[in-house]
Amino acid sequence: MQHHAPDLPATTHTDAVAVLGQGRLDLAGAAAAGARAGLAVTVNYALQRRPGGRTLMADRGTVRRDLVSALAATYATSVLGRRVQDMAATAPAGDPVVGVWSMLVKPLLAYSAHSVLPTCRQRSGAQGTLRTNWIQDLIGNTEGIIPAEGESQLLWKQAGLLTFRDVAALALPRTPRNLPWYVRMLGDRERGIAAALRHDDIIAAGTAIDRETAAIEFAAATSERLAATGLWHASTTSDDDTARGLLESATAVYALERIASRGSWFAANRQMNQRRAQRVHLELHRHREHLGAHLGELVAGFDIALEVFDAPMAAPDYLRWWQEWAGWPSTPTGTGIASVSDQAQP
């Protein structure tokens, strides 16, 4: 007996793809939320802990530089995720563009969170390894998100193959006409890879070994350009001078770190001479310093109620939390604890 697939309405496939796309956007949002939570508890702890009773963790370059990079990336990806969710909410039913955007956004936000959260765990020392501080569970969630609803590299591959012929179509609404030079450089790399792909040239994609991996490089470049553009737009629309300055510096750190990590690509394509390289390093240093002086304000912008975690790293005094949990009769002396409320005001 032969079995035949039932005749389905023409809209069934489109509706299914739309639901899948929305699911990917939700997973992306969950990954970004996990990164924000991990940073909130880590910065809260870093503004209290004084290893050896001396310098605050947050004031140590080994901690501060990584937290600055993680905060810039999390702001950029969070803003992009929210912008694309807003686009999806107003798009016509079954709009295939939503599916393409979700294939770009979900890998970027998941991979970014997967970089941020282990950083939080490692910089927090032994505290970061304890499940009571939630970071380990957040990492586990992110590792589940990466392959969910389509393995992330495959999504980037598919998005790259679908879009490399029309780069201009992938623009956020209300993109500012004038963008900083470092955001434009991300766009230059994206367009350079796309132009090469149109001529079946995979060498221009840098580390690609075939057409599919070149498509992944192109999609990653597109995603990063969109994230930097979205964050820059957020800075231009802020009514608060302090917030505007921090968002501008976060945009610069996010874009410049990606330029620096791909310096060989820019040099090979005659976009990175000695003078440009020096400018990248100087600007990156300046903007990192600015963000590093405002860690508390940056995590306050996440608007996360730390008390819901009921965790030592999320507490106003992590030693007091352990004291009460363990039933210690008094706080150990000579710990050099600084109250977080004294160190960072939103």
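- Note on ring orientation: taking the six-membered ring where Trp is involved, the planes of Trp322 and Trp325 are perpendicular (angle over 60°, cut-offs 30° and 60°).
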Dump the intermediate steps for side chain to side chain donor-acceptor pair (under 3.5 Å) on Gln271 and Arg276, then the final yes or no. CA-CA 8 Å; Gln271 296 185 39; Arg276 175 64 62 83; 5.8 Å; no
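- For the pair Arg258 and Tyr254, the cation-pi test (distance below 6.0 Å, angle within 45°) is passed.
- Scanning all heavy atoms of the two residues, the minimum distance from Leu27 to Ala148 falls at CD1-CB, 3.7 Å.
- A salt bridge is defined here as a Lys NZ or Arg NE, NH1 or NH2 lying under 4.0 Å from an Asp or Glu carboxylate O, and Arg286 with Glu289 fails to meet this definition.
- With rounding to the nearest 0.5 Å, the separation of CG in Asn141 from NE2 in His114 is 11.5 Å.
- Looking only at side-chain heavy atoms (C-beta outward), Asp26 and Gln85 come within less than 4.5 Å of each other.
- Here the side chains of His290 and Glu248 are not in contact, with every heavy-atom distance at 4.5 Å or above.
- Taking the charged nitrogens against the carboxylate oxygens, Arg225 and Glu190 do have a contact shorter than 4.0 Å, which makes a salt bridge.
- Ala58 approaches Leu47 most closely through the heavy-atom pair CB-CD2, 3.7 Å.
- Summarising the geometry, atom OG1 belonging to Thr42 is positioned 3.5 Å from atom CD1 belonging to Ile135; distances are rounded to the nearest 0.5 Å.
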Does the pair Gln323 and Asp317 meet the rule for a side chain to side chain donor-acceptor pair (under 3.5 Å), with working shown? CA-CA 10 Å; Gln323 174 193 350; Asp317 184 333; over 6 Å; no
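- When all heavy atoms of Ala46 and Leu67 are compared, the pair lying nearest together is CB-CD1, 4.3 Å.
- Hydrophobic clustering (ILVMFWY, side-chain heavy atoms < 4.5 Å, transitive): Leu154 and Val105 are in distinct clusters.
- To the nearest 0.5 angstrom, Leu39 atom CG is 8.5 Å from Ile304 atom CD1.
- Rounded to the nearest 0.5 Å, atoms OG (Ser238) and CG (Leu247) are 6.0 Å apart.
- Among all heavy-atom pairs drawn from Leu291 and Leu298, the shortest one is O-CD1, 3.7 Å.
- The closest side-chain heavy-atom distance from Glu257 to Arg288 is below 4.5 Å.
- A 4.5 Å side-chain heavy-atom check between Ile139 and Thr142 finds every atom pair outside the cut-off.
- Taking both residues in full, the closest heavy atoms of Gly38 and Leu117 are given as CA-CD2, 3.9 Å, listed atom of the first, atom of the second, then distance.
- One finds a salt bridge joining Arg189 and Glu217 here, because a Lys/Arg side-chain nitrogen approaches an Asp/Glu carboxylate oxygen to under 4.0 Å.
- The side-chain contact (heavy atoms from CB on, under 4.5 Å) with Arg83 is formed by just one residue from the set Leu231, Leu172, Leu226; it is Leu172.
- The same ILVMFWY cluster, assembled from side-chain heavy atoms under 4.5 Å apart, contains both Val43 and Leu319.
- The shortest distance between side-chain heavy atoms of Thr74 and Phe302 falls below 4.5 Å.
- With rounding to the nearest 0.5 angstrom, the NZ atom of Lys106 is 12.0 Å from the OG atom of Ser223.
- Counting heavy atoms from C-beta outward, Met313 and Asn44 have side chains that stay 4.5 Å or more apart.
- Using a 4.0 Å cut-off between charged nitrogen and carboxylate oxygen, Arg244 and Asp241 count as a salt-bridge pair.
- The OG1 atom of Thr222 sits 9.5 Å away from the CH2 atom of Trp101 when rounded to the nearest 0.5 Å.
- Minimum interatomic distance between Arg123 and Thr62 (heavy atoms only, all atoms of both residues): CD-O, 3.4 Å.
- Other residues, nucleotides and ligands place more than 12 heavy atoms under 6.0 Å from the CG atom of Asp210.
- Other residues, nucleotides and ligands contribute over 12 non-hydrogen atoms within 6.0 Å of the CH2 atom of Trp265.
- Partner of Trp156 under the ring-ring contact (aromatic ring centres under 6.0 Å, His included) criterion, chosen from Phe164, Phe218, Tyr111: Tyr111.
- Under a cutoff of 6.0 Å and an axis angle of 45°, Arg279 and Trp181 form a cation-pi pair.
- Looking at heavy atoms from C-beta onward, Arg211 lies in side-chain contact with Leu197 at the 4.5 angstrom threshold.
- The shortest distance between side-chain heavy atoms of Glu212 and Ile216 does not fall below 4.5 Å.
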